[in-house]
Every structure is written in C-alpha cells, then in structure tokens.
Amino acid sequence: MLGLMMNMPLMISNLIKHADAYHGDAEIVSRLPEGGIHRYTYHDAHRRSRQLANALNGLGVKMGDRIGTLAWNTHRHFEIYFGVSGIGAVCHTINPRLFPEQIAYIINHAEDDYIFFDITFTALIEALVPHCPHIKGWVALCGHGHLPKSDKIPNLMAYDDLVNSHSDIYEWPEFDENTASSLCYTSGTTGNPKGVLYSHRSTLLHAYAAALPDGLNLSARDSVLPVVPMFHVNAWGLPYSVALTGAKFVMPGAGLDGASLYELFEQEKVTLSAGVPTIWLGLLQHLQANKLRLSTVRTLVIGGSAAPPAMIRTFDEQYGITVLHAWGMTEMSPLGTANTFKLKHLGLSAADRDKIRVKQGRPLYGVQMKIVDGEGKSLPHDGKAFGDLLVRGPWITRSYFKSTDGSPLVDSWFPTGDVATIDEDGYMQITDRSKDVIKSGGEWISSIDIENLAVAHPAVMEAAVIGVVHPKWDERPLLLIIKKKDMNVTREEMLEFMSGKIAKWWMPDDVVFVDSLPHTATGKLLKTKLREDFQNYKLPTA
Ligand code: AMP
C-alpha cells in the first residue's frame, strides 16, 4: 500500500522561491571582482534568476544542456545557480585555478554551450577560445560598462545586458527530481578530471542535512560567508542551504586575503564562514599582526584538508570562535561528516574534548560509512583500526559523467580514497589519502598526524610529510617545513619538540626546511609533486 502524501518533486527552484516568499528582505551582499560592494535581497535574486531563465530560453538553452561558469562568489553566480538549474539545464562550475589545458578539457568533455565568466578571467578566456570551438557564446559577468574590450572572444555579451533585456515573468517548471542540476569536476592529482553530476534531489537532501544543528547549524539568524569558492563543490552546498534557511549571504568575490575577509566579516556581521585551512592561516596572521578581534563570528567551518589542532585551539581559546571540523568530497556534494559534541561530552575536560575535536566528525544522517582492510573486510569501530573508508548515501555519486570506466562503486559503496579510523561514538578520523600513506616495514604511518604535530610548533607555518624510499623499511617519513616569517627552529629542535608526542617509529627520519610547498587547485598539499621532487633524497638513516 502506498502512502497518501503529495508527490512533490524536490526542485532547486523551490529554494529560491521559498527564500523570496519568506525571507524576501534578507540581504545578499557581494564584493565585486570589478570593484565595489553589491547589495540586494533574496527577492531581487529571485527576480533576476527568472529574468536569466527567460534569457537562457531565448538563447535556445534546453533541459540537460550544460552552462559553464568560471567565476568567483558573487550575486551573479548565485543567480546562475538558480536560473540555470531552475530551467532544467546543468550549472557546470569550473575551477579557474586549474591549468588552461585542464579547463579546456573539462569544457569540451562537459560539452558546455555557453561560458559565464568574471572579467578578471578575460585573459584566460582569450586563451581558451581557440580550444573550445563549440561554445555558442561567452557571457562576461558585469554590466555594459565593464564589458572586456577583446576582439579574441566571439559572441561576447555582458551578463547584465542579457538579464535586463528579459522579462521577470517566469513560472519555474516542475520535472523529475532526479534530473541533473549541476556538474563539478574533481581535480584529481593524476589522470583527467572526472565529472560529478548532481541532481535536484541530491542537492535538496544535502541542503537539508547541511543546515541541521549537528551539520553546519544554519538559520534565518545567521549571516553566512562562504570563502570556499562556488566552483569548488558548489561552495559546499551553502548557496542552497542559505536559501533554505533564509540566512543572510555574503560573498567575498576575489578578495580572499586576511584583510579583505576581516573587513567583510565585521561590516556584514558574519556569524558563520567556511573554507580550507590555508585561508584561516591567512586570516589568523592578519588578526595577530594587527591585534584584531572578530566581533560576530561564532563558527568557522574548516574542511578540504585536515584542520590542524593548533588552529582549532587558537580560534577557540584566543578568539572565542568554534571551529567546526568537517569532511567530504566532490563526489559527496560534499558533506560527509561534521564534528560536534554529544551530550555526554559536555562535561569532559578541555584536553579530552580536544581529542574529539581534531577528528573529522560524525556522519550526517543520510551518509553511511565503513572502513575495510585490504581484502575488503570490515574493520571495528574502535578508534584504533584504520582502513579504506567507504561511503553510501543519496547525495553520493554512483558514476562519473560520460565515464567509460564503469561504476566506481565497490558492492554499492563508494571508495573515498581516504584512510580513516571510526570510534565507538561514530567519529571518523582521516589518517591519510590512501596514496599518501607511508608504509614502513609493512606498517602504516599517518602523515596527517605528524603534520598536525609539526604545525603545533610556534615557528612552523606549514608542514608536509611524505614517504621517502628506505633500504631497510621500504619507506620512512620525511618532514618538510615552511618556517614563519622572522621565526627560527632547527632540525634538532623540531625533532626534540615532537619526541614523545607520537610513536617512536613514526618520528620523521629527517627534516627539510623549504620556502614553499606545492598545492592543488583546491588548496590541498600536492604530495605527488613532493614525492617526485624528493624521490632521490637520501635519508641520514638510509
Ligand atoms: P575534494 O573532492 O577536492 O573536495 O577533495 C576531497 C578530499 O579532501 C577528501 O577525500 C579528503 O582526502 C580531503 N579532505 C576533505 N576534508 C578533509 C578534512 N577535514 N580532513 C582531511 N582531509 C580532508
């Protein structure tokens, strides 16, 4: 027997409709790449999304067509999220930090029809044009006055002209909630990028879960600033979750340095922000150097790479800000876990709570998790055993876009490529990417644990640990360090600092000081490059 409830499809357009209807005067603020601050409301954003929908129809865009964006977080990008998906087309966000060849590959693989771009990327677009012959038009995200003067970009138009020349009378269509809504390519460190194709249903379910108190805890009383770009897994789904809750939304454009962020945090009374650890490193330095405090921020969501325990403690103890450590991936929309306490943890000592806080957190309802050994056998959830982390859930990918390699799933579970422990309370802790695990004498060493310890030293700005070939142990850990400006620490002092804080056999065999460390386009340490650079490195113990 079937239930007798309405069968309404979960539609992205209903999010912006809801935000307009019940939070129509809540503000959306953007720092524009062309300069200045733009300020309007959900009511305005909804109206402009409808105008965009008419404009797209006018351009001949149909259900399922892909529309690419190369853009920062701004109100125009926000309108594209709703206008494009709302008509049943696919909003394909592209990471401008990738190499131009990778971007051209992605645009061609996705078969985008139009590209909407910020004018800061004009030179990049000019370089892409000859390699993307099927693009029907290039839309610069600006008003008429800022339209780039380029004779190398065919069918170039200004976004505001396109939108303003269309009516705002538009009824969002209803269709199957499993229809594709947006597309994001993973920036893997090897091979070609792979497309993750989200649906209206997966996006809505993710938006609900992300807003929950033990998720990101969003409400109509928040002012939310995503530092995480809208080209990186839909800014972790925040544009959808803020529309769902009616939170104020503040977008930083291209200003991601500590000073620009601080200014916007204070000016717009931001309560919650989200980004990768390197962003918060920049903000912390700005705060410390200028003796500043953040007066309204209550939560910083940190994910994308492990949040160093020292950073979590500094924000908490010196600034009274809670770090919400979260984990996920492009294939997971992206949220998998968030780290919040349970009732029974509230009475714990600060030291015991610290031990929990450094973990990546508990699964949001909807995400199932397990860890397995090399043979695929499930490992116990005891916080000690570590193995390959597998996940399932309605906002987790089952296949890559246009993939000819078959499904990535293993017995209907998605292998994350992460190695983790899960404790009795369900808190998961990443110990490594499976490719980065250091295998010493048949045992695994967690590079993340060693990095976390190294950055707790006051003179260390950033640390990376890689496995280097060793004649006796196969591999041994090598610690690479960037020192903070005007601070000093020697190899011996570093080893002395770490000694006794991790297992003896996990201690790095050597420490090398470097000026910079390579990162991927999404801000993660590029360990493949480091392993390549140090492949002939001779450890003193070898
Ligand atoms: P991406 O698909 O680019 O978002 O990358 C996903 C990968 O980033 C995950 O599989 C993890 O390896 C890593 N990652 C994300 N969040 C965290 C975190 N909180 N701690 C450690 N690694 C993380």
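Note that these values count all heavy atoms, side chains included, but never hydrogens, waters or copies made by symmetry. Whatever order the structure lists them in is the order used to number ligands and atoms, beginning at 1. Counting from 1, the numbers follow the sequence of the chain as shown.
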Does a salt bridge link Lys384 with Asp423, judged by any charged N lying under 4.0 Å from a carboxylate O?
-> no
Close approach, Lys524 and ligand 1, non-hydrogen under 4.0 angstrom | yes
At under 4.0 Å between heavy atoms, what of Thr330 touches ligand 1? The answer is both
Strictly under 4.0 Å, does any heavy atom of Gly304 approach an atom of ligand 1?
-> yes
Numbered atoms of ligand 1 (with element) below 4.0 Å of Met329, judged on heavy atoms | 2 (O), 4 (O), 6 (C), 10 (O)
Check whether any heavy atom of Ser305 sits under 4.0 Å from an atom of ligand 1.
-> yes
Is there any N or O on Thr186 that sits under 3.5 Å from an N or O of ligand 1?
-> no
Polar contact flag for Glu331 and ligand 1 (N/O pairs, less than 3.5 Å) = no
Taking the six-membered ring of Phe414, is NZ or CZ of Arg398 closer than 6.0 Å to its centre and within 45° of its axis?
-> no
Nearest to atom 15 (C) of ligand 1 by heavy atom, Ala420, Gly328, Ala338: which?
-> Gly328
For His232, the ligand 1 atoms with a heavy-atom partner under 4.0 Å come out as 1 (P), 3 (O), 4 (O)
Short N-O contact, Glu331 and Lys194, less than 4.0 angstrom | no
Ionic contact status for Asp436 with Arg531, cut-off 4.0 Å = yes
Listed once per pair and sorted, the salt bridge (Lys or Arg N to Asp or Glu O under 4.0 Å) pairs that draw on residues 299-323, sequence neighbours left out = Arg313-Asp354, Asp316-Arg357
Heavy-atom proximity to atom 19 (N) of ligand 1 ranks first, among Ala306, Gly303, Ala326, Pro334, for Ala326
Residue among His325, Arg362, His345 satisfying side chain to side chain donor-acceptor pair (under 3.5 Å) with Thr340 = Arg362
Salt bridge between Lys344 and Asp425, side-chain N to carboxylate O under 4.0 Å?
-> yes
